[in-house]
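Below you'll find the structure, written out as structure tokens, and then a few comments.
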Amino acid sequence: MKEKPLYLLLGFLALLLWLPLLQGQLKIVNSGTLSGMVAADSTTTQFTLERWLDGSFQQAVNEKAQVNTGFRPDFIRLRNQLDYTLFRKVNAQVVVGRNDNLFEQAYIDAYFGRDFAGSEAIQERVRTLRYVQDTLDKLGKTLVFIYAPNKARFMPENLPRQAYDETRTGPTNYDVYKKYGEAAGLRQIDFNAWFRDAGRKMKHPVYGRPGIHWTEYGALLAADSFRNFMNALPHRRFALPELIWNDAQEGVTSGPQGAEDDLGKLLNLIVPISDNTFFHPYLEVRSDDKQPKPAAIYIADSYMWMWSDIGIPQRLNSRYQFWSYFYDVWSSEWPDKKNIKDIDPMAEVMRSDWIVMLYTECNFARPGGDFPERAYAYFTGKK
Amino acid sequence: MVFSSVVFVLYFLPLFFTVYYLVPGKWKNTAILLGSIIFYAWGAPRFIFVILGTTAVDFFLVQYMDRQQTAGRRKLLLFLSVCINLGLLVYFKYSNFFVDNVNVALKAMGMGTIPWLKLVLPIGISFYTFESLTYVVDVYRKVHAPLKKFWDYQLYILFFPKLIAGPIVRYHDIAGQVYDRSAYSGVEYRLRGLYRFFIGLGKKVLIANVLGSYADKAFTMPVQELGTMHAWLGALAYTFEIYFDFSGYSDMAIGLALMMGFRLPENFNNPYTAFSITDFWRRWHMTLGAWMRNYLYIPLGGNRTGNKGRLYFNLWIVFLASGLWHGAAWGFIIWGAYHGLFLVLERMFLQKGLQRLKQFAAVYTFFVVLIGWVFFRLEHWGPSVAYLRRMFSFNPGLIEGEPLFWTTLFIAGFFSCFTLLPYGQSLQDKVYNNPYSMRRHYILFAVTVCLFVLSVGTLLTSSFNPFIYFRF
């Protein structure tokens, strides 16, 4: 047998082995980056005899080698694509439901009540919120509690078969909050129920297959209902401007934007999950925008981001703050993110008109974080 | 360092082989030795000194033994060397097993217990101890002269392809190749070695790991929650996992060695197609079987005892030792005794019945082996019996498994038994044994590229499991 072709084959395989190492060092081709977060690697690869002997040096080098391997994103995308196409298997913390609908486990757990916080704890929290609401009312401020929808509750028929077949037993945080909230007279808007009843009849999807959060369209419909609710409150101080979007473009649909495919991005596929039914409305600015608007604080989970991205608080409020999980703080008044510890939350409450709590049920273990207790302590003078 | 890791495949492998092929012939053994030291020291830095020290003692002891003229002195030095090697193995591997069992007895007598020793098992100690013993015994038996240079002996022991998981290479099988590897040094063998390495990597990463993940869940879940079908699937998954894991590792070792011109012995030959347990042990971990035969069974008297009772006892002892070699737990000893029992039964009467079954005898073998793996996997009598009870409880329960698992199980089953099919054996020979045509090279080349991409992709994916982080 001629050896030349064999040397060519050997050379090609040698090149194949060398390429990831060369790419890792020289970055010859741009492989892009992978979506999603992984635990931060804080280990150092500094060599010491002690670290070599106890193996921590080798472990750190192994981890670094994994991350710095050339073409890593391409290898991972290819492997993910094969897994997904052939076996509907995902290599991310995402649950694949029926019809390519993606979920997060926490949302499914909340729907089945697996994270139930307990009736007494919920009742106590509702009582605290009611007290805070009454006190704020007396100060001319409005507290409203909004139940953001849950995709698992919105389309249980698309949950994975195993989860869907499970018999629901026991209460969920959502059911119990709703019950006690209504009984206590808490001012609340239930988008979970609204999405389930009316969301399916809308012209465009309020949830997309590759996302766990509402679509821009769904977020806009919810915002419109929120505006109507606030405008209908007795003793209202503000006439909120109408949210008008470009009906002319209705029927024009396209692929997901921003967070509409937040879970789809995590799959890191070569060919993303196809869904071209998204409607991206454009909010118009009306002349009545010049009327006085309330200053608001939104204490919310990740559902708030879509409202913020499509400009809801910017349209409805003179200024606003977004307290994400009562932890990070963004504001229309300063450019960078702050921590809740860097501000005086109750001072901010006292110079605001609205306190809006927007939470989906998978965050109902303690919606609002420490806010209800802090506010209660502030108003009662108790620590 | 393990072969199925990113750091080995994408860093060590290209760097080592580039150095190996570039250095002149007289430096190649030095390159292998240095590579082997780095390879071992990466995973077991403390034990590299243990292994270097014991091999040094062994080397000079054996040279001294070889120079002795009297049989008595030779025997004494042989005894000394065997004691050192087995002593280390017993100390590192079996001390705590011994302490554990003594403590059970002491507790039963109402006495205080002995504290455990703080020991970490040196990687590969079972393999290199057995290889060291073959060196001592082969020189003692004058099968082969001792190696002339100390570093050549180090090379034989530390040779990284087979250092931590075999095949167990007997000294006289490889001694000549330390000095002359011209028989297998052409480009043809380098390519075939590379093909073999990636076939092994694919077996480990794409098949064994997937099945292992399923088996781990089945064997670690509370046994009362386990349905019959699930228990069987777990045992089946483990049966294929251990085969593809171990044979994959052997393939990688044989392939790597072949890339350097070494021809290592085969370690597996379709064991799940065996027609009896006797046949199974001619096909499973063949190098261990050969070692046990040559260095334990034959010295015990082998087949020539003239006394059937003694013969059966010898067989059983060998399998008890084999079980104990696999691990320091009663489950391994039971597993060895269990296989030994079937071997004896086959010698006594079962073999004739199995011959009448012809190919269907493979079902009997597979069943016996599968049951045996339960003891091997769970390592203890109680949990193993509880698991086996679930397997025979006839309470179907839920059948769990994702499409990837089922597909992999099917592929594993097919490739474990395909030599029973017409043309199966000839297809295997074409890949592993027969000379290659250019067309076959192209096919294996394409397969290798696919296995490389899939295996590396899998290794990298396993370390990247992202979660949503919605600007929190």
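Proteins come first, then strands; the chains are lettered A, B, ... in the order of their sequence lines, and each starts at number 1.
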How would you list, by chain and number, every residue that makes a salt bridge (charged side-chain N to carboxylate O under 4.0 Å, His left out) with A:R79, sequence neighbours excluded? A:D83

Test ring-ring contact (aromatic ring centres under 6.0 Å, His included) on B:F3 and B:F8; report intermediate values, then the result. CA-CA 6 Å; B:F3 295 157; B:F8 181 83; 4.9 Å; yes

Please flag which part of [X] lies under 4.5 Å from any non-hydrogen atom of chain A: side chain, backbone, both or neither.
X      : value
B:F198 : side chain
B:Y195 : side chain
B:S5   : neither
B:L444 : neither

State whether the side chain of A:Q58 and the backbone N or O of A:W52 hold a donor-acceptor pair below 3.5 Å, judged by distance alone. yes

Most heavy-atom pairs under 4.5 angstrom with chain A, which of [options]?
options                      : value
B:G186, B:P435, B:P14, B:A41 : B:P14
B:L13, B:L191, B:L454        : B:L191
B:L10, B:L194, B:V7          : B:L10

Lys/Arg-Asp/Glu bridge criterion (N-O < 4.0 Å) met for B:D251, B:K203: yes

Under 4.0 Å between a side-chain nitrogen and a carboxylate oxygen: does that hold for A:D100 and A:R88? yes

Residues which pass ring pair (Phe, Tyr, Trp, His ring centres under 6.0 Å) with A:F326, listed by chain and number, not counting sequence neighbours: A:W323

